[in-house]
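Please read the structure below before turning to the comments.
Bear in mind that the values here come from a model prediction, so they are computed numbers and not experimental data.
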Amino acid sequence: MTDAPERPSLRERLRALPVFGTDLPGLDVDAAPDEPVALFVGWLEEAIDAGLPAPHAATLSTADASGRVDARTLILKDVDGDGWVFATRADSPKGVALAQNPNAALTFFWREHGRQVRVRGPVVPLGPEASAADFLARSDFSRATALAGPQSAPLASRDTYRTAWEGALARVRAEPRLVLDAWASYALEPTSVEFWASSPDGQTRLRYTASPDADTATPHPWTKELLWP
């Protein structure tokens, strides 16, 4: 009886994993626009058109008043004049952290295109009207989940959740204009946006930084610079 081959260590298996393919769109620095929104939206739409999984998913990183860092994945709702828009319960851990320390970051990663974007800046609430509109645009199931109970609080059992969720779903369907008071829409107003792209000839990093005194009347509110990979 021959000995079974020794299984590679986790480190060895991780090193052997492929990261990106060879057919990558890269980043044409010379064609990059003067502001980051157009480039970001272009990359996002390319990811959508290519059928990449959950191209609108992003990691939101926050730090509370004591400096404890947390991160979670959420869904981007829009990119407009307010900034990068997302929504959550204001009484959730991320909502509480943002109330204590509004500085945050969103990270987007499109593996199949070898691209990553980091958006950093303060997060501001968009107010009751925008929050209500976002909540009402969600599916019945999503609204029931938000209404069923306090997000991230300890849960006694799955049966407890199922009972609460079914009750919340019945309420949503009976009151189609019902809005959760704690629901909030936010916009991350970027102070810097960094684009990273891999390609067969190497990696490219391009950072946009907002001018400290920039406003809507400023002709060139952003500066661009290449970074070492």
| task | Please answer whether the main-chain N or O of Asp30 pairs with a side-chain N or O of Asp28 as donor and acceptor at a distance below 3.5 Å. | result | yes

| task | Give a yes or no on whether the backbone of Ala38 and the side-chain of Glu35 come within a donor-acceptor separation of less than 3.5 Å. | result | yes

| query | So which heavy atom on His56 is nearest to which on Phe108, and how close? | reply | O-CE2, 4.3 Å

| Contact summary for Asn101 and Ala63, nearest pair of heavy atoms | CB-O, 3.0 Å

| message | Show, in sequence, the C-alpha distance, side-chain angles and deciding distance for Arg111 and Val19, and conclude whether the side chain to side chain contact (heavy atoms under 4.5 Å, CB included) test is met. | response | CA-CA 8 Å; Arg111 175 193 172 278; Val19 181; 5.8 Å; no

| field | Side chain to side chain, Glu45 and Val41, heavy atoms closer than 4.5 Å | value | yes

| Atom pair CG/OG of Leu27 and Ser198 - distance to nearest 0.5 Å | 11.5 Å

| Ignoring hydrogens and geometry, is there a side-chain-to-backbone donor-acceptor pair from Arg89 to Ala146 under 3.5 Å? | yes

| Hey, quick one: are Leu60 and Val69 part of the same hydrophobic cluster, counting side-chain heavy atoms closer than 4.5 Å, chains of contacts allowed? | no

| query | Is there a side chain to side chain contact (heavy atoms under 4.5 Å, CB included) between Thr107 and Val117 once you walk through the steps? | reply | CA-CA 6 Å; Thr107 305; Val117 179; over 6 Å; no

| request: Classify the side-chain pair Thr62/Arg72 by whether it contains a donor and acceptor separated by less than 3.5 Å. | output: yes

| message | Under 3.5 Å, is there a donor on one side chain and an acceptor on the other for Thr145 and Trp165? | response | yes

| request: Using a cut-off of 6.0 Å, state whether more than 12 heavy atoms not belonging to Glu129 lie near its atom CD. | output: no

| field | Cluster link Leu39 to Leu52, ILVMFWY, side chain under 4.5 Å | value | yes

| remark: When rounded to the nearest 0.5 Å, the distance separating OG1 of Thr204 from CG of Leu227 is 11.0 Å

| Expected output: side-chain Arg120 to main-chain Ala105 donor-acceptor under 3.5 Å | no

| Cluster overlap Val119 with Val37, hydrophobic side-chain contacts below 4.5 Å | yes

| message | I'd like to know if the side chain of Thr160 and the backbone of Ala156 have a donor-acceptor N/O pair within less than 3.5 Å. | response | no

| message | Please check: side-chain N/O of Glu175 versus main-chain N/O of Arg177, any donor-acceptor pairing under 3.5 Å? | response | no

| Is the CG atom of Asp23 crowded by more than 12 outside heavy atoms at less than 6.0 Å? | no

| Where is the tightest heavy-atom contact between Ala87 and Trp183, given as atom of each residue plus distance? | CB-NE1, 3.6 Å

| said: Assigning hydrophobic clusters by single linkage (Ile, Leu, Val, Met, Phe, Trp, Tyr; side-chain heavy-atom cutoff under 4.5 Å), is Phe135 placed with Phe141? | reply: no

| message | Distance check, rounded to the nearest 0.5 Å: Asp134 atom CG versus Asp78 atom CG? | response | 10.0 Å

| field | Side-chain ion pair, Asp140 and Arg143, N-O less than 4.0 Å | value | yes

| query | Judged by modelled atom types alone, do Asp64 and Ser66 share a side-chain donor-acceptor pair under 3.5 Å? | reply | yes

| So do the side chains of Leu178 and Leu147 get within less than 4.5 Å of each other, counting heavy atoms only? | yes

| request: Could you tell me the separation between the CH2 atom of Trp222 and the OG atom of Ser211, rounded to the nearest 0.5 Å? | output: 8.5 Å

| remark: The reported gap from CZ in Phe86 to OH in Tyr186 (rounded to nearest 0.5 angstrom) is 7.0 Å

| note | Shortest non-hydrogen pair, Ala104 vs Leu98, comes out as CB-CD2, 4.0 Å

| query | Can Arg207 and Glu194 be counted as an ion pair, charged N to O under 4.0 angstrom? | reply | no

| Stepwise side-chain hydrogen bond (donor to acceptor under 3.5 Å, both in side chains) test for Arg11 and Ser9 | CA-CA 5 Å; Arg11 179 185 291 272; Ser9 69; over 6 Å; no

| request: State yes or no: do Val79 and Ile48 share one hydrophobic cluster built from I, L, V, M, F, W and Y residues joined by side-chain heavy-atom distances below 4.5 Å, directly or via other members? | output: yes

| query | Under the 3.5 angstrom rule, does the side chain of Arg115 hit a backbone N or O of Gly26 as a donor-acceptor pair? | reply | yes

| query | Where do Ser131 and Ala184 come nearest, in terms of heavy atoms and distance? | reply | OG-CA, 3.3 Å

| Heavy-atom distance under 4.5 Å between the side chains of Pro102 and Val124, does that happen here? | no

| Is the Trp84 ring parallel, tilted or perpendicular to the Phe40 ring (thresholds 30°, 60°)? | perpendicular

| said: How long is the straight-line distance from CG of Leu76 back to CG of Leu188, given to the nearest 0.5 Å? | reply: 10.5 Å

| field | Arg205 vs Trp228, side chain to side chain contact (heavy atoms under 4.5 Å, CB included): CA-CA, chis, key distance, verdict | value | CA-CA 7 Å; Arg205 288 175 66 188; Trp228 283 92; 5.8 Å; no

| Is the shortest distance from a Lys or Arg side-chain nitrogen in Asp70 or Lys94 to a carboxylate oxygen in the other one below 4.0 Å? | no

| request: Evaluate the criterion side chain to side chain contact (heavy atoms under 4.5 Å, CB included) for residue pair Leu106 and Arg118; output intermediate values, then yes/no. | output: CA-CA 6 Å; Leu106 284 168; Arg118 296 196 297 166; over 6 Å; no

| message | Assess, by modelled atom type and distance only, whether the side chains of Ser139 and Ser142 contain a donor and an acceptor separated by less than 3.5 Å. | response | no

| task | For residues Leu24 and His113, report the shortest heavy-atom separation together with the two atoms involved. | result | CD2-C, 3.7 Å

| request: Indicate the ring-plane relationship of Trp43 and Trp110, choosing parallel, tilted or perpendicular according to the 30° and 60° boundaries. | output: perpendicular

